[in-house]
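I have placed the structure first, in the form of structure tokens, so that the comments after it can refer back to it.
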There are 2 protein chains.
Amino acid sequence: MTPGGLEPLDQAIVQELAADGRRSFTDLAERVGLSVSAVHQRVRRLEQRGVILGYTARLDGEQIGLPLTALISLTPNDPAAPDDYPQRIQHIKEIESCYSVAGDESYILLVRVQTPLALEDLLRRIREAAKVSTRTTVVLSTPFEGRSPTF
Amino acid sequence: MTPGGLEPLDQAIVQELAADGRRSFTDLAERVGLSVSAVHQRVRRLEQRGVILGYTARLDGEQIGLPLTALISLTPNDPAAPDDYPQRIQHIKEIESCYSVAGDESYILLVRVQTPLALEDLLRRIREAAKVSTRTTVVLSTPFEGRSPTF
DNA sequence: TCTGAAAACTCGTGAGT
DNA sequence: ACTCACGAGTTTTCAGA
């Protein structure tokens with residue numbers, strides 16, 4: 001169980017911030033048993049090393065007007081074309097995540113839009129920008145999402 | 001363009017917090033053009049209404065010792081069984097997100113583990129807990145993930 | 001890399017418009 | 001619903017071990 005390249009103290013800090021990204025240094029210091037300034041230094045170092053990539057508010061898609069979530073699989077039209085798909089589609093704001101995958105398809109995208117019509121338009125833009133075929137799986141509901149990892 | 005059930009001011013606040021979940025109220029106040037306490041009130045209300053579900057640090061899977069990401073599709077073994085799959089698998093910590101989907105499969109899971117062996121073990125636990133068949137797509141790389149939505 | 005202390009800044013609340 | 005004001009708490013920096 002555990003060691004994954006990260007010191008126990010850093011691991012504890014990172015886990016606390018994954019669970020609550022707005023936890024104060026004072027609070028973190030108590031939980032991990034260090035002084036406030038030691039925690040401060042460690043968090044800054046974790047940010048600089050790229051262990052912590054950033055902080056975000058998790059939002060309810062329904063309530064922010066993006067009720068339709070979908071997973072889109074991408075298959076290149078021309079298998080010989082250079083593999084620069086992420087670059088070609090990164091400007092498309094509706095794409096939240098992009099995974100390069102092993103399997104029948106090359107990429108899987110997670111997208112959020114307002115309406116079915118917006119999804120149709122999005123698919124057209126993705127196909128044109130990346131010269132790919134798409135296969136779309138609509139998300140009906142999200143039992144849970146973005147839970148913080150345990151390690 | 002825009003109105004999705006959220007006031008422009010709330011929209012601006014929420015967008016700032018999606019981009020940087022640790023932004024201070026002072027900072028937010030300047031950006032949206034309100035007093036600090038007005039922003040404070042609005043953020044509290046957004047949290048209570050469930051528009052903001054929480055805050056998290058985004059972490060680098062490689063660096064925290066969970067380098068292997070996978071997408072797992074679930075198909076019920078017994079199509080007549082009650083649909084309580086999320087409940088049956090929510091205790092499994094490696095599962096970060098769970099989507100109920102339209103299509104050939106019933107659910108798609110996003111998971112993170114240390115090693116191929118840990119993935120094998122995880123699949124066994126999922127199949128046993130939920131009485132499902134699984135189809136696994138291994139993530140080779142993540143060009144981008146968890147980008148904040150624009151709305 | 002840690003601690004402790006001081007200064008600057010931010011939070012959180014309450015009163016008032 | 002917003003602003004202003006104030007005390008409490010937090011962040012940030014620095015010297016020293």
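In what follows, chains carry the letters A, B, and so on, assigned in the order in which the sequence lines appear, proteins first and then strands, with residues in each chain numbered from 1. Note that the structure is a prediction, hence the values are computed from the model and not measured.
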Query - Side-chain N or O of Arg44(A) closer than 4.0 Å to phosphate OP1/OP2 of dT11(D) - result: no
Query raised in the report: Nearest to the side chain of Ser35(B) - dC11(C), dT3(D), dC2(D)?
Result: dT3(D)
Query raised in the report: Any N or O donor-acceptor pair linking the side chain of Thr26(B) to the base of dC9(C) at under 3.5 Å?
Result: no
Report task. With the side chain of Arg22(B) defined as its heavy atoms from C-beta on, choose the nearest nucleotide among dT11(D), dT1(C), dC2(D). Result -> dT11(D)
Query raised in the report: Which angle, to the nearest 10 degrees, lies between the helix axes at the two ends of the helix from dT1(C)-dA17(D) to dT17(C)-dA1(D), each defined by five pairs?
Result: 30°
Report task. Indicate, with a heavy-atom threshold strictly under 4.0 Å, whether Val36(B) touches base, sugar-phosphate, or nothing. Result -> nothing
Query raised in the report: So does Glu47(A) have more than 12 non-hydrogen atoms from other groups sitting under 6.0 Å from CD?
Result: yes
Query raised in the report: Taking the side chain of Phe25(A) as its heavy atoms from C-beta onward, which of dT11(D), dG12(C), dT3(C) lies nearest to it?
Result: dT11(D)
Report task. In whole angstrom, give the distance that lies between atom CZ of Arg23(B) and atom C1' of dT11(D). Result -> 17 Å
Query - cation_pi(Arg22(B), Phe25(A)) dist<6.0 Å, angle<=45 - result: yes
**Report entry** Minimum-distance nucleotide (side-chain atoms of Ser37(B) versus dT12(D), dA1(D), dT3(D))
**Finding:** dT3(D)
Query raised in the report: Quick one: is dC11(C) close enough that its OP1 or OP2 comes under 4.0 Å of any side-chain N or O from His40(B)?
Result: no
